[in-house]
There are 2 protein chains.
Amino acid sequence: MTRKVKGSDPRDGRSTRWSAHREARRDELVLAAVAAIDAHGPQAGVGEIAAAAGVSKPVLYRYFADKADLHAAVGTWGAGVVMERLLPALLSEGTVRERVDLGCEAYLAAIEEHPNVFLLLVAHRVESDADPLADGKAAIAAAMARVLGDTLRELGVDAAGAEPWAHGLVGLGLSTGEWWLTRRTMSRAAVRGYLAAFVWHAFEGLAREYGVDLTDSAPDDPDDPDRADERGGTP
Amino acid sequence: MTRKVKGSDPRDGRSTRWSAHREARRDELVLAAVAAIDAHGPQAGVGEIAAAAGVSKPVLYRYFADKADLHAAVGTWGAGVVMERLLPALLSEGTVRERVDLGCEAYLAAIEEHPNVFLLLVAHRVESDADPLADGKAAIAAAMARVLGDTLRELGVDAAGAEPWAHGLVGLGLSTGEWWLTRRTMSRAAVRGYLAAFVWHAFEGLAREYGVDLTDSAPDDPDDPDRADERGGTP
DNA sequence: GATAACCGTTACTTCAAGTAACAGATAACT
DNA sequence: AGTTATCTGTTACTTGAAGTAACGGTTATC
């Protein structure tokens, strides 16, 4: 069954004294759940997670409405790890192709560190009446849509494609990542090469349709003619 | 729990008389399950599916090892529907861009007819010891890998990227489809345009890296100079 | 001293997946 | 004609994981 976490309507110090503690405790339990999923896989049960966290199930249910809420927290944590590696790479200096390549490398490195958390994030689905951003995938897509949308607006073109392209990009990356983590038939460098090339050519071609040339300049320094040293390319 | 469906080692007519019947019956039950999922959503339980099929649960469990086996059958059915629309479009006459556009249109039309079956297919995961092709997604990716691999080999270039690109393509398509079906913030024509443009530019750029020009010819008739009428393009 | 909310625990409930066990029908075999 | 194999149907039942009730102790605030 599903129900809301007990709401707290603080009236005095006896109740407010616990607010910061509750947030810290919930974060601690999320990290413990992450460790348990890392160790036991995305199909670990609530009892297993509680045991690994050194608490009993009622303690977990004090902080999470249900198993889905706990999974949402783990997936959101995983999305945070991916984004804190991916976004700096995408916004770094360098040509667009370099940044795409760095972004793919950052992404694959992040999911390789926590493969089971990643596989839980990919598989997880929020109920239709829940906050869509409780889904790690949707959180990543929202961040990508913002970056793409801002970029398209800076170029002075229609930004309506940002959201479908962001969701498509997330699907492209997650499905490739899931395949790679479960099959391991090629190296990370090879996967990065194929993924980055795919994304780069999609970006370059879409930009060209809008009249923008991404092939030899960084958007923040388009007047520099000496930027010929490019990484990337299909392995 | 999970166990295999009872194996049948036919010895005489009393047992062999049922073989064709069992296959037909299973197919009938899959279609009934598809109808139930269509009506009640991907989260419909086994009891609900059985009731909608007009049978009791033990009857379902005679033909399916467990709920996951039933879901695999429904997902495989959905993948079959997608592929029987998608593959003819991809292999039709016309330029590559036209075929990509037709493929996206065929795909979105197929998933719009059975949105709940599609959402089940997307969410479904097979256990690690099961046949990977029992997963509808993997079945579609395998078909795409074959088409891409054959195409790359016909071009005389390295086909190693076929598999990661196929999985990436499937992820791109499924994630875009899932987002569109659950959000419906734009028309199917608009989604098709964005998706097709992304895929087309990725293909065109990758092919160009291999020294192949896709921009104005169909691969099966590259000597025809009059093929200038192209569909597609970003909305 | 009373109160609010934390901590711990085990026993317990709930519910959906999955099965046991029964009897009847039909066609193939002996 | 009798036996056998597998189908059909059913309801009651088991299983196991999610989730909760209920209890007492601790600590800081009122």
Side-chain angles (χ1 to χ4, degrees), chain A residues 1-29 32-33 36-37 40-74 124 127, chain B residues 1-29 32-33 36-37 40-74 124 127:
Chain A
M1 89 252 342
T2 298
R3 55 160 179 74
K4 302 285 198 186
V5 184
K6 287 195 188 71
S8 165
D9 181 13
R11 290 180 174 75
D12 61 25
R14 286 172 298 180
S15 119
T16 56
R17 79 186 261 235
W18 297 108
S19 295
H21 169 81
R22 280 186 65 83
E23 287 190 40
R25 183 80 164 121
R26 190 180 197 275
D27 289 346
E28 186 186 324
L29 290 172
I37 297 291
H40 297 101
Q43 75 289 341
V46 178
E48 238 177 324
I49 295 174
V55 301
S56 61
K57 288 193 294 178
V59 171
L60 276 187
Y61 286 100
R62 279 192 191 124
Y63 293 89
F64 302 96
D66 50 22
K67 183 177 185 180
D69 193 21
L70 179 60
H71 275 198
V74 170
H124 177 245
E127 293 179 20
Chain B
M1 89 238 4
T2 298
R3 57 163 177 72
K4 300 287 195 187
V5 184
K6 287 195 183 71
S8 166
D9 181 14
R11 291 180 172 73
D12 60 24
R14 287 171 299 180
S15 126
T16 56
R17 78 187 259 235
W18 297 108
S19 295
H21 169 80
R22 280 184 66 85
E23 287 191 38
R25 184 78 164 124
R26 190 180 198 274
D27 289 345
E28 187 186 322
L29 290 171
I37 298 291
H40 298 101
Q43 74 289 339
V46 177
E48 240 176 321
I49 294 172
V55 300
S56 62
K57 289 193 295 177
V59 171
L60 276 186
Y61 285 100
R62 281 191 187 121
Y63 294 91
F64 302 97
D66 51 20
K67 184 180 186 181
D69 193 21
L70 179 60
H71 275 200
V74 170
H124 177 244
E127 293 179 17

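Quick caveat: nothing in here was measured; it's all calculated off a predicted structure. Note on naming: letters A, B, ... go to the chains in the order of the sequence lines (proteins, then strands), and numbering restarts at 1 for each one.
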### Between CG on residue B/L60 and NZ on residue B/K67, distance to nearest 0.5 Å
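Taking CG in B/L60 and NZ in B/K67, the distance rounds to 12.0 Å.
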Rounding to an integer number of Å, can you tell me how far [X] [atom1] sits from [N] [atom2]?
X: B/Q43; N: C/dA17; atom1: CD; atom2: P; answer: 11 Å
X: A/I49; N: D/dA17; atom1: CD1; atom2: P; answer: 13 Å
X: B/H21; N: D/dT6; atom1: NE2; atom2: C1'; answer: 10 Å
X: B/D69; N: C/dA17; atom1: CG; atom2: C1'; answer: 14 Å
X: B/D66; N: D/dA17; atom1: CG; atom2: P; answer: 14 Å
X: B/E23; N: D/dC7; atom1: CD; atom2: P; answer: 13 Å
X: B/L29; N: D/dT8; atom1: CG; atom2: C1'; answer: 12 Å
X: B/E28; N: D/dT8; atom1: CD; atom2: C1'; answer: 13 Å

### Task
Rounded to 10°, tell me the angle between the two end axes of the helix from C/dG1-D/dC30 to C/dT30-D/dA1, each built from five pairs.
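Comparing the axis at each end, I get an angle of 10°.
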### Query
Does A/Y61 have a side-chain nitrogen or oxygen under 4.0 Å from the phosphate oxygens OP1 or OP2 of D/dT20?
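Checking D/dT20 against A/Y61, no side-chain N or O comes under 4.0 Å of OP1 or OP2.
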### Message
For D/dT8 and B/Y63 - does any side-chain N or O of the residue sit under 4.0 Å from the phosphate oxygens OP1/OP2?
### Response
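Answer yes for this pair, as a side-chain N or O of B/Y63 is under 4.0 Å from OP1 or OP2.
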### Task
For DNA chain C, determine which residues of residues 52-59 of chain B have any heavy atom closer than 4.0 angstrom to one of its atoms, and list them numerically.
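Heavy-atom contacts with DNA chain C come from B/K57, B/P58.
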Are any protein N/O atoms closer than 3.5 Å to N/O atoms in nucleotides 24-26 of chain C? If there are, list each pair with its distance.
from   : atom 1 : to    : atom 2 : distance (Å)
C/dT26 : O2     : B/R17 : NH1    : 2.9

For [X] and [Y], which heavy atoms make the closest approach, and how far apart are they?
X: B/L70; Y: B/A33; result: CD1-CB, 4.0 Å
X: A/R22; Y: A/R62; result: NH2-O, 3.3 Å
X: A/D66; Y: A/D69; result: OD1-N, 2.9 Å

### Message
Can you list everything that forms a side-chain contact (heavy atoms from CB on, under 4.5 Å) with A/R25? Sequence neighbours excluded, please.
### Response
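So A/R25 forms a side-chain contact (heavy atoms from CB on, under 4.5 Å) with A/H21, A/E28, A/L29, A/V55, A/V59, A/Y63.
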### Task
Tell me, please, which residues at least two apart from B/R14 pass side-chain contact (heavy atoms from CB on, under 4.5 Å).
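Partners of B/R14 under the side-chain contact (heavy atoms from CB on, under 4.5 Å) test: B/D12.
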Hey, can you pull the donor-acceptor pairs under 3.5 Å for the side chains in residues 43-51 of chain A, sequence neighbours left out?
from  : atom 1 : to    : atom 2 : distance (Å)
A/Q43 : NE2    : A/H40 : O      : 3.2
A/E48 : OE1    : A/G45 : N      : 3.3

#### Entry: Selection from D/dC30, D/dG9, D/dA5 that lies nearest to any side-chain heavy atom of A/R14
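My answer, after comparing the listed nucleotides, is D/dC30.
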